[in-house]
Each structure stands twice: as structure tokens, then as C-alpha cells.
Amino acid sequence: MKGSETKLVSYMQGSDKRFVIPVYQRNYEWKTENCKQLYDDLIKIIRRGRKSHFFGSIVPVHSDGEFNEYMVIDGQQRLTTISLLLLAMYNLMKNGVLTPEKGNLAEKKLLLMNFIKR
């Protein structure tokens, strides 16, 4: 297996992608403290002016079909939490609650697909 480095948002972006969580994977179990740790890490990155950060590995198995399906073997908790965070940010910007400093990210129409549990 060959690993490669990719920016998470670029990896997730695309209306033709579908992330599949196999049924044998554990259910989403992150608690408030897990989400808070991820959020705190994001805040530190921004305050320190860092351009990137390693959040951990995501291990997918790609299969072609009607959609580009990625069966997520490892990293599903992190990927799901980031998806929920991006969706919350999108909704806050769309509703005018948050205004980003650099342009309106809500206008970029980042498409977040639902995860499928198989």
C-alpha cells in the first residue's frame, strides 16, 4: 500500500464522491471531549499562522462505479466530525451568523455528501 499526503478539504471535495463506512466499522462514538480536542487543535493552527496540520490518517479503498466510492477503513470518526464541522460552518455563513475575513466560503458551494453505512 502506498500512502500519500493530500489536503483534507481537497480530498473530500467533489459531487461525484461518496464515502462509505463499512458495517463492520464501529458506530460514530466521538464524545464532546474528542470534538473539543479537534476544535482546539484547529484554533491553535489558525492562531499560530500555520498553513497545514497532520490530523491523522484516513485509509480508503477506492472503487469505481456510478460514484467514486471510497470505503473508509480507518479515520471514519475524524472524517465524519470534519464533515459535520464544515457543514455547520457553511450553514452559519449562509445564514449570516459568521462572516469570513477572506471572501465568502459559503459561495464556493462545497458539497458534502452523506456517509453511507453498509
Side-chain angles (χ1 to χ4, degrees):
M1 175 171 36
K2 182 182 179 197
S4 63
E5 180 182 303
T6 305
K7 299 222 183 255
L8 185 60
V9 173
S10 297
Y11 174 74
M12 294 172 63
Q13 199 167 13
S15 61
D16 67 333
K17 288 185 183 173
R18 180 172 287 163
F19 295 96
V20 178
I21 309 298
V23 71
Y24 58 81
Q25 293 288 357
R26 64 184 173 149
N27 290 329
Y28 183 79
E29 295 177 354
W30 270 27
K31 307 275 189 257
T32 301
E33 55 269 14
N34 303 110
C35 296
K36 182 176 180 346
Q37 180 64 55
L38 178 64
Y39 181 80
D40 289 345
D41 287 346
L42 289 168
I43 296 299
K44 285 179 197 172
I45 292 164
I46 292 166
R47 288 188 176 148
R48 293 178 182 162
R50 293 180 59 187
K51 301 269 185 217
S52 64
H53 177 75
F54 178 71
F55 286 104
S57 297
I58 296 172
V59 180
V61 174
H62 181 258
S63 64
D64 291 319
E66 182 181 347
F67 292 93
N68 280 323
E69 287 195 350
Y70 294 86
M71 189 170 304
V72 182
I73 305 303
D74 186 38
Q76 70 274 12
Q77 305 285 314
R78 192 170 30 260
L79 191 59
T80 300
T81 304
I82 293 291
S83 296
L84 292 171
L85 178 62
L86 289 171
L87 182 61
M89 289 169 51
Y90 172 81
N91 285 328
L92 289 170
M93 287 182 277
K94 183 179 170 189
N95 294 325
V97 176
L98 289 178
T99 305
E101 291 178 14
K102 296 182 181 179
N104 189 350
L105 297 176
E107 290 176 3
K108 292 192 178 199
K109 296 183 181 177
L110 175 66
L111 299 174
L112 299 173
M113 301 296 290
N114 289 329
F115 286 86
I116 301 169
K117 183 87 172 183
R118 285 195 183 157

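Start at 1 with the first residue, then count along the sequence.
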| In terms of hydrophobic clusters joined by side-chain contacts under 4.5 Å, are Tyr39 and Leu84 together? | no
| task | Identify, with sequence neighbours excluded, every residue that meets side-chain hydrogen bond (donor to acceptor under 3.5 Å, both in side chains) alongside Asn95. | result | none
| task | State, with a plain yes or no, whether a side-chain heavy atom of Gln77 is found less than 4.5 Å away from one of Tyr28. | result | yes
| remark: For Arg47, the side chain to side chain contact (heavy atoms under 4.5 Å, CB included) test, sequence neighbours excluded, returns Ile43
| task | Please assess Ile82 against Leu86 for the test side chain to side chain contact (heavy atoms under 4.5 Å, CB included), listing each intermediate value before the final yes or no. | result | CA-CA 6 Å; Ile82 293 291; Leu86 289 171; 4.0 Å; yes
| said: The criterion is salt bridge (charged side-chain N to carboxylate O under 4.0 Å, His left out); which residues satisfy it with Lys44, sequence neighbours excluded? | reply: none
| said: To the closest 0.5 Å, what do you measure between CG (Asp41) and CD1 (Ile46)? | reply: 11.0 Å
| Are side-chain heavy atoms of Ile21 and Leu79 found at a separation under 4.5 Å? | no
| query | Can you get from Ile45 to Leu38 by hopping between Ile, Leu, Val, Met, Phe, Trp and Tyr side chains that sit under 4.5 Å apart? | reply | yes
| Any residue meeting side chain to side chain contact (heavy atoms under 4.5 Å, CB included) with Asn34, in chain and number order, not counting sequence neighbours | Trp30, Lys31
| request: Under the side chain to side chain contact (heavy atoms under 4.5 Å, CB included) rule, collect the residues that match up with Ile73, sequence neighbours excluded. | output: Pro22, Tyr24, Gln25, Val59, Val61, Met71
| field | Residues forming a salt bridge (charged side-chain N to carboxylate O under 4.0 Å, His left out) with Glu33, sequence neighbours excluded | value | none
| said: Once side-chain hydrogen bond (donor to acceptor under 3.5 Å, both in side chains) is applied, do any residues pair with Asn91, and if so which ones, sequence neighbours excluded? | reply: none
| message | What I'd like to find out is whether the side chain of Val72 reaches to under 4.5 Å of the side chain of Thr80, using heavy atoms alone. | response | no
| remark: Rounded to the nearest 0.5 Å, the CD atom of Gln76 sits from the CG atom of Asn27 at a distance of 10.0 Å
